[in-house]
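Below is one structure, written out as structure tokens; comments come after it.
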Number of protein chains: 2
Amino acid sequence: MRDALDRAGAFRTAQALHDEMKAAGETVGLTTVYRTLQGLADAGEIDVLRTDEGEAIYRRCATGDHHHHLVCRSCGASVEVASDEVERWAAATAELHGFTDVVHTAELYGVCGSCA
Amino acid sequence: MRDALDRAGAFRTAQALHDEMKAAGETVGLTTVYRTLQGLADAGEIDVLRTDEGEAIYRRCATGDHHHHLVCRSCGASVEVASDEVERWAAATAELHGFTDVVHTAELYGVCGSCA
DNA sequence: GCGGTTTTGACAATCGTTTTCAACTAGCCT
DNA sequence: AGGCTAGTTGAAAACGATTGTCAAAACCGC
């Protein structure tokens, strides 16, 4: 499964991943794909985002550290970006309004150079 | 419907809103709630986010301008925040990696002062 | 009132995801 | 080997949010 995600090198839905694994000759059930993805996500080995339509998309990232993504909405390719600015902004904003235990999401969606 | 959202003053799922409207004595079908919310969202009159679980949550915001949210994960209360820093970061990052037509999301989730 | 359009909402259908459960494996003890 | 147990698998059923269907109800200009 990790292999399949690495092969993709981009964000994929569980079902897309399943299709690709089947196409690659692997015999695996959709249930197992969901289960394994969930496990990897819980273990922090892969990142999970939600599309506008609410579908979960998964990606194996180079680092387990906190970071954000610049995702191509056409092919799913993505760049991992870290940003002190965003971290500082999030922390400052949370404190300003008296919120605690704050986590943040910050993702960029566009069209990559190859797809344009 | 707008009234109900205003009354809530916070992010709500379609179903929660439906419950609250029923409780307030309004007779309205869940279908209509979904339909109306969709219409308002398309018209840019309300904001839509997705929870971690993929559910859509809706909120009537004070401004139609682009902004982000600091949302309480306990009661749904939220603060609208605008940030030049984030806008600049998004634009610069997109350009750096050759992405075009980039939109971004940036939301903060925490626990508000009243709920803490 | 009266035909025609629009809005409504109960219900069924859809779709992503999770659960169930029986079949299958893998390991392990003897 | 043979048998026992625990863990893993995947097909099919269940689930929950959302959307589609369609007939009934409300509205409108006449």
Side-chain angles (χ1 to χ4, degrees), chain A residues 1-8 10-60 69 71-76 78 105 107 109, chain B residues 1-8 10-60 69 71-76 78 105 107 109:
Chain A
M1 174 81 85
R2 240 181 292 241
D3 299 352
L5 270 174
D6 282 344
R7 216 181 303 131
F11 277 100
R12 287 289 135 91
T13 63
Q15 315 211 33
L17 206 54
H18 181 232
D19 289 348
E20 287 174 18
M21 292 173 79
K22 290 281 273 298
E26 293 174 68
T27 64
V28 64
L30 184 54
T31 307
T32 305
V33 173
Y34 274 110
R35 220 168 353 214
T36 311
L37 286 174
Q38 180 125 283
L40 289 172
D42 287 351
E45 294 199 37
I46 60 178
D47 282 10
V48 189
L49 294 182
R50 290 272 171 183
T51 65
D52 275 355
E53 295 85 45
E55 284 174 289
I57 51 178
Y58 304 86
R59 155 104 205 246
R60 182 130 200 274
H69 302 94
V71 185
C72 175
R73 86 176 114 249
S74 166
C75 69
S78 66
T105 64
E107 312 297 338
Y109 299 92
Chain B
M1 174 80 85
R2 239 181 292 240
D3 299 352
L5 270 174
D6 283 343
R7 213 180 306 132
F11 278 100
R12 287 290 135 91
T13 63
Q15 317 213 34
L17 207 52
H18 180 232
D19 289 349
E20 287 174 17
M21 292 173 78
K22 289 280 272 299
E26 293 174 68
T27 62
V28 65
L30 184 54
T31 308
T32 304
V33 172
Y34 273 110
R35 221 171 351 215
T36 309
L37 286 173
Q38 180 124 283
L40 289 171
D42 287 351
E45 294 199 37
I46 59 177
D47 283 10
V48 190
L49 294 181
R50 290 275 170 183
T51 66
D52 275 356
E53 296 84 42
E55 283 174 289
I57 52 179
Y58 304 86
R59 155 103 205 247
R60 183 129 198 275
H69 302 95
V71 185
C72 174
R73 85 176 114 249
S74 166
C75 69
S78 66
T105 65
E107 312 297 337
Y109 299 92

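Each chain gets a letter, A, B and so on, in the order its sequence line appears, and its residues count up from 1.
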Subject >> Non-neighbouring partners of B:Asp42 that pass salt bridge (Lys or Arg N to Asp or Glu O under 4.0 Å), sequence neighbours left out >> reply: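 Counting only residues at least two positions away or on another chain, B:Asp42 forms no salt bridge (Lys or Arg N to Asp or Glu O under 4.0 Å).
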Original post:
Listed by chain and number, what are the salt bridge (Lys or Arg N to Asp or Glu O under 4.0 Å) partners of B:Glu55, not counting sequence neighbours?
Top reply: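 Salt bridge (Lys or Arg N to Asp or Glu O under 4.0 Å) check on B:Glu55 returns nothing, list empty.
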Original post:
Reckon A:Thr27 touches a base, only the sugar-phosphate, or nothing at all at heavy-atom distances under 4.0 Å?
Top reply: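 A:Thr27: backbone/sugar contact only, no base atoms under 4.0 Å.
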**OP:** With sequence neighbours left out, write down each residue that passes ring-ring contact (aromatic ring centres under 6.0 Å, His included) with B:His18, or none if nothing qualifies.
**Re:**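 Once residues adjacent in sequence are excluded, B:His18 has no partner under the ring-ring contact (aromatic ring centres under 6.0 Å, His included) criterion.
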**OP:** Mind checking ring-ring contact (aromatic ring centres under 6.0 Å, His included) for B:Tyr58 and listing every partner two or more places apart, or none if nothing turns up?
**Re:**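 So B:Tyr58 forms no ring-ring contact (aromatic ring centres under 6.0 Å, His included) with any residue.
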Between [N] atom [atom2] and [X] atom [atom1], what is the distance in whole Å?
X       : N      : atom1 : atom2 : answer
B:Met1  : C:dT7  : CE    : C1'   : 13 Å
A:Glu53 : D:dT18 : CD    : P     : 13 Å
B:Arg12 : D:dA17 : CZ    : C1'   : 18 Å
A:Asp19 : C:dG16 : CG    : C1'   : 13 Å
B:Ile57 : D:dT18 : CD1   : C1'   : 16 Å
B:Lys22 : C:dT8  : NZ    : C1'   : 14 Å

Shorter than 3.5 Å, N or O on both sides, protein versus nucleotides 18-25 of chain C: list them out with atom names.
none

For nucleotides 14-16 of chain D, give me every protein contact, N/O to N/O, under 3.5 Å, one pair per line with atom names.
none

side-chain hydrogen bond (donor to acceptor under 3.5 Å, both in side chains) partners of [X], counting only residues at least two apart:
X       : result
A:Glu20 : A:Arg12
A:Arg73 : B:Asp101
A:Arg2  : A:Glu45

Original post:
Are A:Thr32 and D:dG10 close enough that a side-chain N or O sits under 4.0 Å from OP1 or OP2?
Top reply: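 Yes, because at least one side-chain N or O of A:Thr32 sits under 4.0 Å from OP1 or OP2 of D:dG10.
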Original post:
Does the A:Thr32 side chain pair with the main chain of A:Val28, one donor and one acceptor, at a distance under 3.5 Å?
Top reply: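 Answer holds: no.
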Original post:
Taking side chain as C-beta onward, heavy atoms only, is A:Leu49 less than 4.5 Å from A:Thr105?
Top reply: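 The answer is no; the side chains never approach within 4.5 Å.
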